[in-house]
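Take a look at the structure set out below.
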Protein chains: 2
Amino acid sequence: MLRPMERADAARNRARILEAAERLFAAEGAPNVTMDDIARAAGVGRGTLYRRYPDRAAIALALLDEHERALQEELLRGAPPLGPGAPPAARLAAFYAAMVRLLDDHAHLVLGAETGRSRFTTGAYGFWRAHVRSLLVAADVPDPDALVEPLLAPLAPEVYGFQRDDRGLTAEQITAGLTRLADGVLGTPG
Amino acid sequence: MLRPMERADAARNRARILEAAERLFAAEGAPNVTMDDIARAAGVGRGTLYRRYPDRAAIALALLDEHERALQEELLRGAPPLGPGAPPAARLAAFYAAMVRLLDDHAHLVLGAETGRSRFTTGAYGFWRAHVRSLLVAADVPDPDALVEPLLAPLAPEVYGFQRDDRGLTAEQITAGLTRLADGVLGTPG
DNA sequence: CGGTCAAGTGGACGCAGTGTCCACTTAATG
DNA sequence: CATTAAGTGGACACTGCGTCCACTTGACCG
């Protein structure tokens, strides 16, 4: 996007790769898809694939990033309670609800991707982080930096997947739990 | 332990393997240690290693399990606030503090182990889960099942590692943040 | 004690996926 | 067109995984 000129064939191949990867991830489950598979499905050579994406995780994250763009927009400029205007606790709860919806929609993509620690280095994570931090500040919580990660941790794909698949919770129950978490930490006491 | 008889050589090799693995994990970092390395360092054949531990994660979890035993004992029968007797919010905070200490002590072991979802299937996780759930019940929180995982999520090694290494928080700050989390969710309102 | 036999051992083997490398192709520019 | 640097793709060597099976060893029994 900012790169001083991307050749037409390069752009075409990037699109092909992402499209093929999304299809394969959905069909086979992310961990079962090899770099070879993706390259072949995209009609692209091995070297071309590696030129942009050093590993599977990079591709998965690129795809997620794309889907998360819309939500980011809403957080910044949408209507309350997701957007600005509502009290912090309500905004956090709305954010949780939206994220649960997102996780549910892209479960295939995100689950089992075994993102591990690389999850934190995404652009998207930085955005969520800044958002939650600003809510903590708005709620006058002391030392907000010590609460940001604990509040974001329940949104890790592994955690969501475990609650849903192994513990048998519905998306609604999970959202309800997170809402109580938001109220507990940010809610006006008294 | 319950197995109807473990041969002497088997027991000896199990000990060797765990000892070697702990040493290597600490020295090289868990993800850089191959199954081959462990087998060689333990003076044991590849097949022997695989007989018990299907992969690296299994070994790491076995080691953690061992270290977590002591804490489990304290939770059940130790003095308050860790053991029974204190109000739920205080007990949860004490549990958090103890876990942070544990994570810090075994950082080398646990960090970068990329445990992913297998973390949830440990015996230890089941124990923490039951403990936190009982605290939620004791505090008369409705639908405790929806809050257990969110409260345990911040203790994931990845999250702790990120806060400490990338965000530059101290163990004390992290503990303080978790204490506020405990108070927010379980604390007596008013 | 020595014999029996299943549990336990270890390393050779085949395989799958990774990442690199470089000779070739192709889009952009004047 | 000619030039040139970005981009391409597949062959290659390598590393780590997991299995398999012929051999060893410890436990138990007569």
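The chains referred to below are lettered A, B, ... by the order of the sequence lines, with proteins before strands, and numbering in each begins at 1.
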- prompt: B:Gly78 and B:Pro84: which non-hydrogen atoms are nearest, and at how many Å?
  reply: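 Distance-wise, the nearest heavy atoms are O-CD, 3.6 Å.
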
query: Of the non-hydrogen atoms in B:Val44 and B:Leu49, which two are nearest, and what is the gap between them?
result: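 The pair with the smallest heavy-atom distance is CG1-N, 4.0 Å.
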
- prompt: Which is true for B:Thr48 with a 4.0 Å heavy-atom rule: it touches a base, it touches only sugar-phosphate, or it touches nothing?
  reply: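 Answer is base: heavy atoms of B:Thr48 come under 4.0 Å of a base.
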
- request: Could you check A:Gly43 against B:Ala8 and say which one's nearest nucleotide on DNA chain D is further toward the 5' end?
  value: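 The residue closer to the strand's 5' end, by nearest nucleotide, is A:Gly43.
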
Which nucleotide, [options], lies nearest any side-chain atom of [X]?
X: A:Arg7; options: C:dG10, D:dA5, D:dC17; value: D:dA5
X: A:Asp9; options: D:dC17, C:dG19, C:dA27; value: C:dA27
X: A:Ala10; options: D:dT8, D:dG26, C:dT9; value: D:dT8
X: B:Arg46; options: C:dG11, C:dA28, D:dG9; value: C:dG11
X: A:Tyr50; options: C:dT18, D:dC17, C:dA28; value: C:dT18

message: Please report the interatomic distance CZ(A:Phe127) to CG(A:Leu76), rounded to the nearest 0.5 Å.
response: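 With rounding to 0.5 Å, CZ (A:Phe127) is 4.0 Å from CG (A:Leu76).
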
field: Euclidean distance, atom CZ of residue A:Arg52 to atom C1' of D:dT8 [Å, nearest integer]
entry: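 My rounded result for the distance is 10 Å.
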
query: B:Asp36 CG to C:dG10 C1': how many Å, rounded?
result: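 Distance, rounded to whole Å: 12 Å.
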
message: Which residues pass the side-chain hydrogen bond (donor to acceptor under 3.5 Å, both in side chains) test with B:Ser134, not counting sequence neighbours?
response: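 In terms of side-chain hydrogen bond (donor to acceptor under 3.5 Å, both in side chains), with neighbours along the sequence ignored, B:Ser134 is linked to no residue.
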
